[in-house]
2 protein chains.
Amino acid sequence: MKEFELINRYFTGRGVARRDVDLGIGDDCALVNVPEHCQLAITTDTLVEDVHFFSDIPPRALGHRVLAVNLSDLAAMGAEPTWVSLGLTLPNIDPNWLDEFTEGMHEIAEYFNVQIIGGDTTQGPLTITICAKGIVPKGKALTRSGAKVGDWVYVTGSLGDAGLAIESRKNGWQLDDEAFACALQRFHFPSPRVAAGQALRGIASSAIDISDGLLADLSHILRQSGVAAQINADMVPMSDALRNSVSVEQSLQLALAYGDDYELLFTVSEGSKLAMEAKLRQYGVEPVCIGQIQAGDGNIELLYENHPWPFPKTGFEHFS
Amino acid sequence: MKEFELINRYFTGRGVARRDVDLGIGDDCALVNVPEHCQLAITTDTLVEDVHFFSDIPPRALGHRVLAVNLSDLAAMGAEPTWVSLGLTLPNIDPNWLDEFTEGMHEIAEYFNVQIIGGDTTQGPLTITICAKGIVPKGKALTRSGAKVGDWVYVTGSLGDAGLAIESRKNGWQLDDEAFACALQRFHFPSPRVAAGQALRGIASSAIDISDGLLADLSHILRQSGVAAQINADMVPMSDALRNSVSVEQSLQLALAYGDDYELLFTVSEGSKLAMEAKLRQYGVEPVCIGQIQAGDGNIELLYENHPWPFPKTGFEHFS
């Protein structure tokens, strides 16, 4: 199958057809329209076999995940996702694999009303790069640089499940079947917090998505905002699957430092706290306050049950 | 060197800073502004080691080339390039290699006033995906679907040089030093026809860039326009380097079927022909008429010195 046939079979005429797309797949470029008074938000993420996913990942999960991690970046800016471009490098053309992979991608694209407007398919080691675009009312995007002293630090959901799935497999941990299934679902089919991100526009003072781990991603906000934070490790939300599968210390390591869960981490002023909680609940999101912004230059003070808690080095190195 | 340091060292604060970029590298997304009454043009191209370039390509050439092939797609739509996102997968962090690679990329980005607004750097087999964005006045983009019976078929410059560089190396052809240097320069540092593409807005009836080979790319125009074409193979422009290095038949194979030169192929009506030629000459481009659009359904009638000419199968398979 040549590139031309591959694109025709798996992409042309499938999936979302947005009214703001004048020209989709099939020319040198796609042509789209950005509404007046909106900024265009653009992000790119790459997934590489054996680096970001195991070789035997179900292709449908891979198709979902690669789009989800990109949409998560748009969510963290409060942007509405609109169009994505796909760079797909494949070692060979396996129609069954492609059926599943594109099905996973089309499913999440349809859920979020995102159109695949073009891309490039090439031969080589399995690598997928997506460039996702979205729109946000001018000046309303959430950034990493707006956190203020006294703001509260929140996350949108439980952390550490994806890490549990990866580490239990790598280290042969014997998990309860249900717990493993829960964790694997989080890793394979992350739910980008697209609605929550948009709901936080005009309310949150800063935001980021948790891809590298809570502490690492919080550090980005702190450095770019010129502040510090106190975090209550025992307040960090975790699933029963995680709590029941590993020691307290391991669960904290996974929740605080692993990443790959794609919840949002954000800050909100005292005055906006209640409005924010009410608004997110409308979207079925139960935000959890895990700490507070302090004066400082990027440092994180970790507490556990109100006592200083020295965070142990994880030693986790994902797929290495 | 971690991703964070790598981006800081090689990308942050370097290169073009466009006024339409509100937020560049360093947050979850970039934020940019599209002018009113303009469409956004978007294209993606991937280059994979040993598939699209030899492993020993000078990194500066690779940095230039990967951006050039993307800008060429924008040129083929008549779009003004504005912003690019970079997905860079590297087997390891080699500061010297990265210095050269990013220098090549920043050079061409500066020449065309394009800002690198973000991306993702990952570890894995050397693969580079760029998503390039540009703007074009609403309704003025050049597409593949506008060619009409009677229109003339043009190219913007000589073809086959990149193919000469690749094939002479693969097959050990003994080329004159100067000829090889000319051909290699075309392969390593292609010049996307950005100004010519914009000049052709409102004048050309269809356009495409020649990446897959003249005949293959012409076929895209013919199929999407619902027409056929007669092409005079002897009119296809070739460099002295190509003419003097190989047989007439080989030179025609390279010029007609190899691709990788990134000239524009376009059609223009009889009534716009002189205006088009005059306009392109203002930009130092000497367009060459190589044939005419006919009624039909995608077929190409090849002539050589006014006689039907059966095109020999090339057997060239680029890097395979």
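Just so it is clear, the model here is predicted, and its values are computed rather than measured. What's counted below: heavy atoms across the whole structure, side chains too, no hydrogens, waters or symmetry copies. We name chains A, B, ... by the order of the sequence lines, and we start the count at 1 in each one.
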What distance separates A:Cys29 SG from B:Leu142 CG, expressed to the nearest 0.5 Å? 10.5 Å
Between the side chain of B:Gln39 and the main-chain N/O of A:Leu23, is any donor-acceptor distance below 3.5 Å? no
Under 4.5 Å from any heavy atom of chain A - which part of B:Val32: both
Under a 4.5 Å cutoff for heavy-atom pairs, which residue among A:Ala141, A:Gly26, A:Gly119, A:Ala207 has the most contacts with chain B? A:Gly26
Do you know which two heavy atoms are closest between A:Ser85 and B:Thr44, and how far apart they sit? CB-OG1, 3.1 Å
Can you list the residues that meet the ring pair (Phe, Tyr, Trp, His ring centres under 6.0 Å) rule with A:Tyr154, with sequence neighbours excluded? A:Phe266
Measure the NE2-CD distance between B:His52 and A:Gln123 for me, rounded to the nearest 0.5 Å. 9.0 Å
Give the member of A:Leu86, A:Thr89, A:Asp22 that has the highest number of heavy-atom pairs under 4.5 Å with chain B. A:Asp22
Rounded to the nearest 0.5 angstrom, the CG-NZ distance for A:Leu31 and B:Lys138 is 8.5 Å
If you tally heavy-atom pairs under 4.5 Å between each of B:Asp20, B:Val136, B:Ile130, B:Asp45 and chain A, the highest tally belongs to B:Asp45
Heavy-atom pair count under 4.5 Å with chain B, highest-scoring of A:Gly124, A:Pro125, A:Gly134: A:Pro125
Separation of B:Thr143 OG1 from A:Asp27 CG (nearest 0.5 Å): 5.5 Å
Turns out that what part of B:Ile117 lies under 4.5 Å from chain A's heavy atoms comes down to side chain
Taken to the nearest 0.5 Å, the spacing of A:Leu40 CG from B:Thr82 OG1 works out to 9.0 Å
Picking from B:Val48, B:Thr46, B:Thr43, which has the most non-hydrogen pairs under 4.5 angstrom with chain A? B:Thr46
Who among B:Cys131, B:Ala30, B:Gly87 has the most heavy-atom pairs with chain A under 4.5 Å? B:Ala30
Check: A:Asp28 side chain, B:Met77 main-chain N or O, donor-acceptor pair, under 3.5 Å: no
So CG of A:Leu47 and OG1 of B:Thr122: to nearest 0.5 Å the spacing works out to 8.5 Å
What option among A:Val34, A:Thr129, A:Ile221, A:Ile42 has the most heavy-atom pairs under 4.5 Å with chain B? A:Ile42
Which residues from residues 67-75 of chain A are near chain B, with near meaning under 4.5 Å between non-hydrogen atoms? A:Asp73, A:Leu74
